[in-house]
Amino acid sequence: MFRNQYDTDVTTWSPAGRLFQVEYAMEAVKQGSAAIGLRSKTHVVLGCVNKAQSELSSHQKKIFKVDDHIGVAIAGLTADGRVLSKYMRNECINYGFGYEGKLPVGRLVVQLADKAQVCTQRSWKRPYGVGLLVGGLDESGAHLYYNCPSGNYFEYQAFAIGSRSQAAKTYLERKFESFIDASKEELIRHAIFAIKETLQGEKLTSSTCTIAVLGVGEPFHILNQQAIEELIKSFEIAEEGPAADEPDAAPEVDEHPAAGDQAAAPADEGAAPMEI
């Protein structure tokens with residue numbers, strides 16, 4: 001993927017002020033399977049799409065537990081994500097040993113961003129080709145951060161990364177205003193719908209997605225496949241409910257075909273808002 005003479009080294013600037021190898025690492029995140037995260041005042045939900053290399057292999061793990069109050073979802077190179085999650089786990093253990101408390105989420109995210117930034121200034125290193133959605137809960141509340149391979153980090157109410165994540169972002173942008181006061185069940189519901197948007201026509205099952213939950217009085221844990229399958233079925237029934245009632249309403253408009261044009265006009269006016 002050779003572009004020009006300025007992308008042979010991570011420390012070489014182009015005349016336009018760009019570091020191409022850092023951009024290539026960010027492109028690796030876009031090529032990975034989708035991961036999403038969303039939070040309320042009390043809970044954080046992480047989700048990802050499971051993709052196997054072949055029908056004979058199992059999928060790679062994309063959600064990792066860091067501590068009881070922190071978890072991560074990754075998109076990009078899984079090996080890099082596994083190494084960074086191990087680093088985060090060690091930082092939490094060291095902080096707990098030294099201070100007998102839980103490491104604040106924001107401080108851990110800054111340390112992770114500093115570690116990623118060092119790889120953009122050393123010619124013998126390469127940037128990490130993975131993006132991390134870090135969800136956590138501390139004294140200041142629930143948090144959701146995105147760590148970029150460039151060393152930047154951002155806090156979000158909801159976010160999606162990976163391949164075909166734009167469809168999930170569009171869904172989250174429409175719904176995010178209701179997330180702050182949402183319950184755990186509502187957040188999980190939105191997470192499943194956002195993951196479904198990234199599949200673009202493929203059937204959503206418990207084997208194609210992973211959901212993890214973290215909240216007040218509820219340590220970080222990954223939902224089992226049976227629980228996810230039951231949730232998917234319940235949401236599908238809820239979606240089909242209003243659609244099933246529409247055919248019953250249609251004959252009511254056609255019950256008076258001989259009422260004339262003037263009588264039909266009010267019925268059409270009443271039906272217009274339903275079509276919108």
Side-chain angles (χ1 to χ4, degrees), residues 35-48 61-74 81 84-113 131-147 153-161 168-169 171-195 206 209-232 234-235 238:
I36 64 103
L38 53 161
R39 69 176 176 89
S40 66
K41 290 180 179 178
T42 57
H43 287 83
V44 180
V45 174
L46 300 175
C48 69
K61 190 176 180 181
K62 296 285 186 178
I63 295 181
F64 300 94
K65 178 180 178 180
V66 176
D67 201 349
D68 285 342
H69 69 297
I70 299 177
V72 296
I74 67 171
L84 289 177
S85 64
K86 182 179 179 181
Y87 164 78
M88 297 169 69
R89 198 174 295 120
N90 288 336
E91 290 298 313
C92 287
I93 293 173
N94 293 336
Y95 185 90
F97 181 77
Y99 297 96
E100 297 183 356
K102 293 184 177 180
L103 178 61
V105 183
R107 184 180 300 184
L108 178 61
V109 168
V110 171
Q111 293 175 353
L112 181 63
L132 296 94
L133 289 175
V134 183
L137 186 71
D138 55 24
E139 294 179 354
S140 59
H143 301 279
L144 177 68
Y145 292 91
Y146 169 56
N147 276 76
Y153 64 93
F154 309 91
E155 185 169 12
Y156 288 93
Q157 184 70 42
F159 198 56
I161 57 176
K169 288 180 186 176
Y171 174 84
L172 294 173
E173 287 169 359
R174 293 201 313 265
K175 305 289 186 179
F176 81 96
E177 292 181 352
S178 63
F179 292 169
I180 193 68
D181 296 317
S183 63
K184 180 184 76 172
E185 290 74 18
E186 290 173 338
L187 285 182
I188 295 174
R189 175 177 177 271
H190 287 300
I192 290 177
F193 283 159
I195 291 174
S206 60
C209 69
T210 302
I211 301 292
V213 182
L214 164 69
V216 175
E218 185 176 6
F220 181 87
H221 65 281
I222 298 175
L223 302 182
N224 57 51
Q225 285 194 352
Q226 183 178 358
I228 296 175
E229 187 66 34
E230 292 176 356
L231 289 169
I232 292 174
S234 65
F235 296 152

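Because the structure is predicted, anything quoted here is derived from the model rather than measured.
Take Ser178 and apply the side chain to side chain contact (heavy atoms under 4.5 Å, CB included) test, not counting sequence neighbours, and it matches His190. Looking at residues two or more places apart in sequence or on another chain, you find a side chain to side chain contact (heavy atoms under 4.5 Å, CB included) between Leu172 and Ala158, Ala160, Phe179, Ala194. When the ring-ring contact (aromatic ring centres under 6.0 Å, His included) test is applied to Phe97, no partner is found at least two apart in sequence or on another chain. With sequence neighbours excluded, no residue forms a ring-ring contact (aromatic ring centres under 6.0 Å, His included) with Tyr87.
Across Gly81 and Ile74, no two heavy atoms sit closer than the pair CA-CD1, 4.0 Å. The nearest pair of heavy atoms linking His43 to Ala142 is O-CB, 4.0 Å. Heavy-atom minimum distance, Ile232 versus Cys209: CD1-SG, 4.4 Å. Heavy-atom minimum distance, Leu187 versus Ser40: CD1-OG, 3.5 Å. The minimum heavy-atom distance between Glu185 and Phe235, with the atom names listed, is O-CZ, 4.5 Å. Closest approach of Ile63 to Ala212, counting heavy atoms only: CG2-CB, 3.9 Å.
Contact check for Lys175 versus Phe193: no side-chain heavy atoms found under the 4.5 Å cut-off. Side-chain atoms of Asp67 and Leu103, non-hydrogen and from C-beta on, never get closer than 4.5 Å to each other.
The number of heavy-atom neighbours closer than 6.0 Å to OH of Tyr153, taken from other residues, nucleotides and ligands shown, is 12 or below.
Separating the CZ atom in Phe159 from the CG atom in Leu38 is a distance of 13.0 Å, to the nearest 0.5 Å. Leu214 contributes atom CG, which lies 8.5 Å from atom NE2 of His69 (distance to the nearest 0.5 angstrom). Rounded to the nearest 0.5 Å, atoms NZ (Lys62) and OG1 (Thr210) are 10.5 Å apart. Separating the SG atom in Cys92 from the CG atom in Asp68 is a distance of 10.0 Å, to the nearest 0.5 Å. If you take CD1 on Ile180 and OG1 on Thr42, they are separated by 9.0 Å, rounding to the nearest 0.5 Å. Here the straight-line distance linking atom CG of Leu132 with atom OH of Tyr146 works out to 8.5 Å at 0.5 Å rounding.
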message: Using the rule given for side-chain contact (heavy atoms from CB on, under 4.5 Å), can you reason through Val66 versus Val134, listing the C-alpha separation, both sets of side-chain angles and the distance that settles it, and then say yes or no?
response: CA-CA 9 Å; Val66 176; Val134 183; over 6 Å; no

- request: Any chance you could lay out the side-chain contact (heavy atoms from CB on, under 4.5 Å) test for Lys41 and Asp181, step after step, and finish with the verdict?
  value: CA-CA 6 Å; Lys41 290 180 179 178; Asp181 296 317; 3.2 Å; yes

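Between the side chain of Arg89 and the main chain of Lys65, a donor-acceptor pair closer than 3.5 Å is present. In this structure, the side chain of Arg39 engages the main chain of Tyr156 through a donor-acceptor pair within 3.5 Å.
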Show me the donor-acceptor pairs, under 3.5 Å and distance only, between side chains in residues 217-230 and residues at least two apart or in other chains.
residue: Glu218; atom: OE2; partner: Lys184; partner atom: NZ; Å: 3.3
residue: Glu218; atom: OE2; partner: His221; partner atom: NE2; Å: 3.4
residue: His221; atom: ND1; partner: Pro219; partner atom: O; Å: 3.0
residue: Asn224; atom: OD1; partner: Gln226; partner atom: N; Å: 3.3
residue: Asn224; atom: OD1; partner: Ala227; partner atom: N; Å: 2.7
residue: Glu229; atom: OE1; partner: Ser206; partner atom: N; Å: 3.1
residue: Glu229; atom: OE1; partner: Ser206; partner atom: OG; Å: 3.0

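Here side chain to side chain donor-acceptor pair (under 3.5 Å) pairs that include residues 134-144, with residues two or more places apart or in two chains, are Asp138-Ser140, Asp138-His143, Ser140-His143, His143-Glu155.
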